[in-house]
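When a ligand or atom number is given, it counts from 1 through the structure's own listing order.
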Amino acid sequence: MTGSIELRNPRTGRSDGTLPSTTADELTATAQRLRTAQPAWNALGVDGRAHVLRRWKAACDVRRDAIITALAADTGRMRESVQEFDAFLGTIERWANLAPKLFAESRRFTSSLGFIDIDKNLRPYQLAGIISPWNFPLVLSTIDMLPALMAGSAVLLKPSEVTPRFVAPLRESLVDVPELASVFEIVIGDGTVGAQMIPFVDLICFTGSVPTGRKVGLAAAAHFIPALLELGGKDPAIVLAGADLDSASTALLWGATSNAGQACQSIERIYVEASVHDEFVDLLSRKAARIGLCYPTYDTPGLGPIIADRQVPTIERHLADALAKGAVVRAGSSEVERHGGGAWVRTTVLTGVTHDMEIMREETFGPFLPVMAVADADEAVRLANDSPFGLSAAVFAATTEDAEAVARRLDAGAVSVNDATLTALVWEGEKHSFKSSGLGGSRMGPASLFRFLRSQALLIKTNPAVRDPWWYPAD
Ligand code: NAD
């Protein structure tokens with residue numbers, strides 16, 4: 001486990017240097033150090049931990065420019081890097097507010113026996129491991145880390161090898177918060193380092209692709225630790241006759257092209273009732289054609305580059321397969337474009353697509369809106385559910401009630417009703433990832449915190465007068 005990872009700039013395709021990977025010895029020593037410090041962190045109590053996290057928030061805010069610059073250099077997009085940073089600070093605040101309330105809830109009650117009370121004592125996993133992907137490097141590294149820390153766990157984080165530059169300014173921020181530095185460490189490296197982490201932790205949170213998630217799940221099972229897996233998606237949207245097509249087309253453009261489509265909850269396929277298909281496609285294509293590329297400068301409005309070079313062949317394969325099988329480009333790119341050394345795709349609307357095409361079945365992770373006409377809501381639901389994925393979905397209909405009724409039939413953990421991709425913005429609703437899109441408890445809502453806590457039942461005899469309950473042997 002030696003070596004280094006490359007710092008690649010997706011706008012230029014050039015290497016800006018390397019970072020040394022964490023070695024096996026460093027990993028061993030770090031895990032030991034975190035375990036040693038965790039009891040004191042837990043003993044701080046939830047209010048004490050909230051106070052420390054708020055100080056960290058201030059320390060990160062001081063380094064705002066450095067963190068955003070690092071994120072932008074790795075991802076090639078500036079606007080989303082600013083949004084990521086602000087979302088990260090907002091999430092610290094949310095957990096610092098929420099966790100004390102959740103811990104304060106009374107967990108003591110009298111059992112059916114009457115003289116035995118039950119007290120539910122919450123005990124954190126000592127060391128939580130977190131492995132994150134490249135599409136939102138900061139948000140997806142911290143989305144599980146913050147509730148884990150608030151629960152009282154120590155955290156070992158490995159961000160993606162594709163986007164590791166934010167680690168340096170983040171580490172610097174920890175200098176101002178020694179209590180946190182003692183229980184939180186970041187390791188650098190690729191999947192080899194990720195795989196090496198698993199034996200050292202008590203629980204692993206993994207966000208990434210389905211194939212890697214399967215490996216992580218198997219490794220976790222071999223070490224008998226829980227794996228919380230948040231994996232890929234192929235989110236469907238359904239647009240029924242009577243829906244506000246103007247609003248639906250705008251919402252779906254945002255849902256499919258935010259972060260240039262490089263989001264797990266991106267809309268990747270659209271089913272439109274035949275009677276409104278042509279009108280919808282015209283609207284969508286006209287609006288799509290107005291969205292440009294964020295090139296040549298960060299200030300140019302439009303979509304950023306493909307962040308990970310290794311994603312390009314997948315996008316090219318899906319597009320070529322669709323075109324070869326008869327899909328028609330109504331707006332956007334018919335191939336991955338090369339500008340300034342980076343790889344770029346325009347907001348691309350496709351019609352004439354079928355479920356025989358990879359672009360309708362596998363995760364593309366680009367700004368594509370393939371649109372298919374369907375006879376009615378039943379066919380739309382059948383096709384939307386015809387997928388190994390079940391992350392999220394969207395439904396547009398004439399009324400909220402109609403859309404809700406269709407949403408309830410979809411095999412997906414979250415469904416936006418008369419809007420799209422709301423899970424990117426609204427994190428209070430508990431949701432599971434269905435089918436191959438994940439495993440484990442809800443990372444959203446209050447349940448997120450409890451994933452890092454085990455319940456210990458204290459069964460307390462409260463009435464000393466009951467000297468001989470029925471289960472004691474007779475004298
Ligand atoms: P990936 O699976 O290639 O890598 C994710 C992480 O796993 C990286 O840090 C990588 O170094 C590490 N890794 C690789 N092999 C490993 C192994 N054997 N053991 C342990 N760790 C290993 O995914 P990616 O390309 O970085 O990210 C894109 C994928 O992430 C897409 O499929 C996307 O849908 C998914 N994603 C899911 C969510 C979600 O919340 N469901 C959010 C964002 C991204």
* **F368 CZ to S266 OG distance, which is reported to the nearest 0.5 Å** => 11.0 Å

* Asked: Under the 6.0 Å and 45° cation-pi test, does R382 pair with Y271?
  -> no

* Under 3.5 Å: donor-acceptor pair, side chain of T18, backbone of E6 -> no

* Around ligand 1, what residues show up once you keep those with a heavy atom under 4.0 Å from it? -> I131, S132, P133, W134, N135, L140, K158, P159, S160, E161, D190, G191, G194, A195, F206, T207, G208, S209, T212, K215, V216, E230, L231, G232, C264, R310, E363, F365, L391, R443

* Pairs meeting criterion salt bridge (charged side-chain N to carboxylate O under 4.0 Å, His left out) with involvement of residues 203-213, two or more places apart -> none

* **V312 vs R338 side-chain heavy atoms within contact, under 4.5 Å** => yes

* So does E93 pair up with R54, basic N to acidic O under 4.0 Å? -> yes

